[in-house]
Amino acid sequence: MAEEPLLVEIAEGVATLTLNRPERLNAFTTALHEALATALDRASRETAIRAVLITGAGRGFCAGQDLAERKPVPGQGPRDLGQSLERYYNPLIRRLRDLEKPVVAAVNGVAAGAGAGLAFACDIVIAAQSASFIEAFSRIGLVPDAGNTWFLPRLAGSARAMAVALTGEAVPAVQAAAWGLIWKAVPDDALMTEARSLAARLAQGPTRALGLAKRALNRSSANDLDAQLDLERDLQREAGLGEDYHEGVAAFLEKRPARFSGR
Ligand code: T3D
C-alpha cells in the first residue's frame, strides 16, 4: 500500500502535519496538496485544534513541485502551470494565511521552490541550522511562485529578494534568520523539541486573540497607518469581548497563570 503523503497527528491542541514523501524530499504531488488542504480545513474548523505545526519527514522539508509529475507526455502540448497555481498552490498559501490559529514551520532540511513559499507562509519559522532555502525556480526556467515574490522582498528586502530569485543560490538557515526571512535557526538536534514546545505553548494561548493578531499583522502591509489603527480598534473590540481577555486580566490580578480556553 502507498504511504500516506501527509501524516496528521493531533495531540494537546496541536495538529502536527508531516509532509511524508522523504525519498523525494517531500515534493508536492496532487495527492499531497489534497491531503494538506483537508488537514488545514480541519484545523480551521475544529476548536480543539489551537495550533498547527508543519514539518517534513526525512532529510528535506519540501523540494517544491514534484518534477516527475511534470515529465512531458509525448503527443500532449505544454501544461498550463497557471492552472496548477490557481488550483493548488494559491489556495494552499491562502489557507495558511487565512487560518486564524498560529502555524509553526519546523524546517528540518532543504526548502526549495514552492517548499520555500510554504515555509514563508507559516507564522513562525524555526529551521535546523543545516537547512537551507532555495528559490529553485530560475534553475528550471520558472518564476518564483507560492507567494515567494510577495514574502521575499517584505521579509528580506528587495536587494536580497532579487539576488536569490535570479541566481537560485541557496540561503543557509543561519543566513535566513540574520536576514529576517525566518524567526531563528537552531541546532539540528534541538529543532523538533523546540518547535513542538512552541506549538504546544501557542495551543494553550488565547487562540481567538492570536488569530486576530495574525489578521492585523497580515493586513498591515496593504494598509496605511490610519486604516491599520482602525483595524486595531475593531479587532481589539472583538478581543475585549472574549472570555480569554477576562481570564487574562483575572489571572494577572490574582497573580496566577492564565487558563485560556481559546474563546
Ligand atoms: O509545476 C507547477 O505546478 C508549477 C509550480 C511550481 C512550484 C515549484 O516548486 S517549481 C520548483 C520545483 N523544485 C525544484 O526545482 C527543486 C528540485 N530539486 C533540487 O534542486 C534538489 O533536489 C535540491 C536542491 C532541493 C536538494 O538537492 P540534494 O542534492 O540535497 O538532493 P537530490 O539528490 O537532488 O534529491 C534527492 C532525491 O529527491 C532525488 O531522487 P533520487 O535521485 O535519489 O531518486 C531527487 O530526484 C528527488 N527530488 C528532489 N526534488 C525533487 C525530487 N523529485 C521530484 N521533484 C522534485 N522537486
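Please read these numbers as outputs of a predicted model, since none were measured by experiment. Read the numbers this way: they start at 1 and go in the same order the structure lists the ligands and their atoms. One-based numbering along the sequence shown.
The protein heavy atom nearest to atom 32 (P) of ligand 1 is Arg59 NH2, 3.9 Å. For atom 24 (C) of ligand 1, the closest heavy atom belonging to the protein is Ile134 CD1, 3.7 Å. Residue, atom and distance of the protein heavy atom nearest to atom 3 (O) of ligand 1 are Ser84 OG, 2.5 Å. For atom 4 (C) of ligand 1, the closest non-hydrogen atom on the protein side is Asp145 OD2, 3.9 Å. In this structure, atom 20 (O) of ligand 1 lies nearest to the protein heavy atom Arg139 NH1, 4.1 Å. In this structure, the protein non-hydrogen atom closest to atom 44 (O) of ligand 1 is Arg24 NH1, 3.2 Å. If you check which protein heavy atom lies closest to atom 49 (C) of ligand 1, you get Leu25 CD1, 3.9 Å.
In this structure a side-chain-to-backbone donor-acceptor pair under 3.5 Å is present from Thr55 to Ala106. A donor-acceptor pair is defined here as one N or O able to donate and one able to accept, closer than 3.5 Å; no such pair exists between the side chain of Asp66 and the backbone of Phe28.
Every N/O-N/O distance between Leu85 and ligand 1 stays at or above 3.5 Å. The N/O atoms of Tyr89, backbone and side chain alike, include none that comes under 3.5 Å of an N/O atom in ligand 1.
Across the listed options Gly113, Ala112, Ala63, Gly64, Ala63 owns the non-hydrogen atom lying nearest to atom 14 (C) of ligand 1. Of the candidates Arg87, Gln83, Arg70, Arg70 brings a heavy atom nearest to atom 1 (O) of ligand 1.
Donor-acceptor pairing under 3.5 Å is lacking for the side chains of Glu232 and Gln228.
Remark: Glu247 engages Arg256 in a salt bridge, criterion side-chain N to carboxylate O under 4.0 Å.
Ring pair Phe120/Phe133 is parallel by interplanar angle, where below 30° counts as parallel and above 60° as perpendicular.
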